[in-house]
Asker: 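Quick one: the structure is below, questions incoming.
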Amino acid sequence: MSIHLVVIDALNLIRRVHAAQPGEPDVQNTARVCCQALGKIISSSNPTHIVAVFDHHGEDRGWRAELLPHYKEGRKPMPPELLEGMDTIQDAFMTMGVDSLLSDGDEADDLVATLALKVADRDQQVTIVSTDKGYCQLLRPTLQIRDYFQHRWLDSPFVEKEFGVKAEQLPDYWGLAGISSSKIPGIPGIGPKAAVELLSLYPNLEAILAAEDLPPKWKKKVDEHHETAMASKQVATLKTDLQLGFNLQDIRYQAPS
């Protein structure tokens, strides 16, 4: 049987819908608009399997904050009324035939990545619905990423235009240039332009750090920040080896009767 798995980055969708509500945001209205979005996604993608993946809401900031203590520090917390309304939204999703999956300790991104690759690497089709460009590192012929809000595909030409590197080089790129919005430092003094130039000369971050012939304009910066660069790359790399406590049959899509 041909499979098309659609994975919804749930909080990515919900928080954007909630923030765009006019006047005082209302959870019931957010749930209604999210369900409208889900309906459009289902209609256009025709999934055989679908799931909405949520981040856990505990205090534990996960393994990434252990590597980089300032990781995602100072991020705007979820509005309390939205946090309290998560059950309502998940119930609304369930009425549409979309089950919810809650990450446990790891970030939802890692759960999405593990599930998506498990299916895509078996030559079955996967669509991740998210505006998060971090998922672009997973791109392959059987895996695509849909930005629902901008009505665009975050594909290889998009990555090339946006970052100037190949999709598989994105963790290396972020290891060099960092991600300011997530407080991933990269190498101080190495910006996007230098990162692109370095990755055109060397295949990955490890090769750059090991290079004896590094041009002098970068050598001192790179030599002084090996550990930070490698930690930045590790944090920017999605984990794809989590234990999944379910199988595909559990998230098979059945249109509500």
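Scope of the values below: all heavy atoms of this structure, side chains included, with no hydrogens, waters or symmetry mates.
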Asker: Looking only at heavy atoms, what is the nearest atom pair of Pro47 and Tyr253, with distance?
Answerer: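 Heavy atoms of Pro47 and Tyr253 come nearest at O-CD2, 3.8 Å.
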Asker: Mind checking the CD1-SG spacing from Ile14 to Cys34? Nearest 0.5 Å is all I need.
Answerer: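 Between atom CD1 of Ile14 and atom SG of Cys34 there are 5.0 Å.
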Asker: Between Lys239 and Asp109, is the closest basic N to carboxylate O distance under 4.0 Å?
Answerer: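 No salt bridge links Asp109 with Lys239.
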Asker: Indicate the atoms forming the closest heavy-atom contact of Ile145 with Tyr135, along with that distance.
Answerer: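 So the minimum-distance heavy-atom pair works out to CD1-O, 3.3 Å.
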Asker: Does Glu168 come within less than 4.0 Å of Arg140, counting only side-chain N to carboxylate O?
Answerer: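 Salt bridge between Glu168 and Arg140, a charged N being under 4.0 Å from a carboxylate O: no.
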Asker: What about Met94 and Val6, same hydrophobic cluster or not, with Ile/Leu/Val/Met/Phe/Trp/Tyr joined at side-chain heavy-atom distances under 4.5 Å?
Answerer: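 Looking at the clustering, Val6 is in a separate group from Met94.
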Asker: Less than 3.5 Å apart, any donor N or O on the side chain of Thr48 or His4 sitting next to an acceptor on the other?
Answerer: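 His4 and Thr48 do not have a side-chain donor-acceptor pair below 3.5 Å.
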Asker: Checking Thr131 against Asn12: is there a side-chain donor and acceptor pair closer than 3.5 Å?
Answerer: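 Yes.
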Asker: Side chains of Gln144 and Thr127: donor-acceptor distance under 3.5 Å anywhere?
Answerer: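 The answer is yes; a qualifying pair exists.
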Asker: Hey, would you say the Trp63 and Tyr71 ring centroids sit under 6.0 Å apart?
Answerer: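 No - the distance between ring centres of Trp63 and Tyr71 does not fall below the 6.0 Å cut-off.
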Asker: With under 30° as parallel and over 60° as perpendicular, where do the rings of Phe163 and Phe158 fit, or are they tilted in between?
Answerer: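 Taking Phe158 first and then Phe163, their aromatic rings stand perpendicular (interplane angle over 60°).
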Asker: Within the 3.5 Å criterion, strictly below it, is a donor on Gln249 or His49 matched to an acceptor on the partner's side chain?
Answerer: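 No.
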Asker: So, applying side-chain hydrogen bond (donor to acceptor under 3.5 Å, both in side chains) with Thr30, which one of Arg15, His18, Glu81 is it?
Answerer: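 Exactly one option meets the side-chain hydrogen bond (donor to acceptor under 3.5 Å, both in side chains) with Thr30, and it is His18.
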Asker: As a test of understanding, state which of Lys221, His225, Glu224 forms a side-chain contact (heavy atoms from CB on, under 4.5 Å) with Pro188.
Answerer: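 When side-chain contact (heavy atoms from CB on, under 4.5 Å) is applied between Pro188 and each of Lys221, His225, Glu224, only His225 qualifies.
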Asker: Does Asp9 come within less than 4.0 Å of Arg146, counting only side-chain N to carboxylate O?
Answerer: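 Looking at Asp9 and Arg146, the cut-off is not met.
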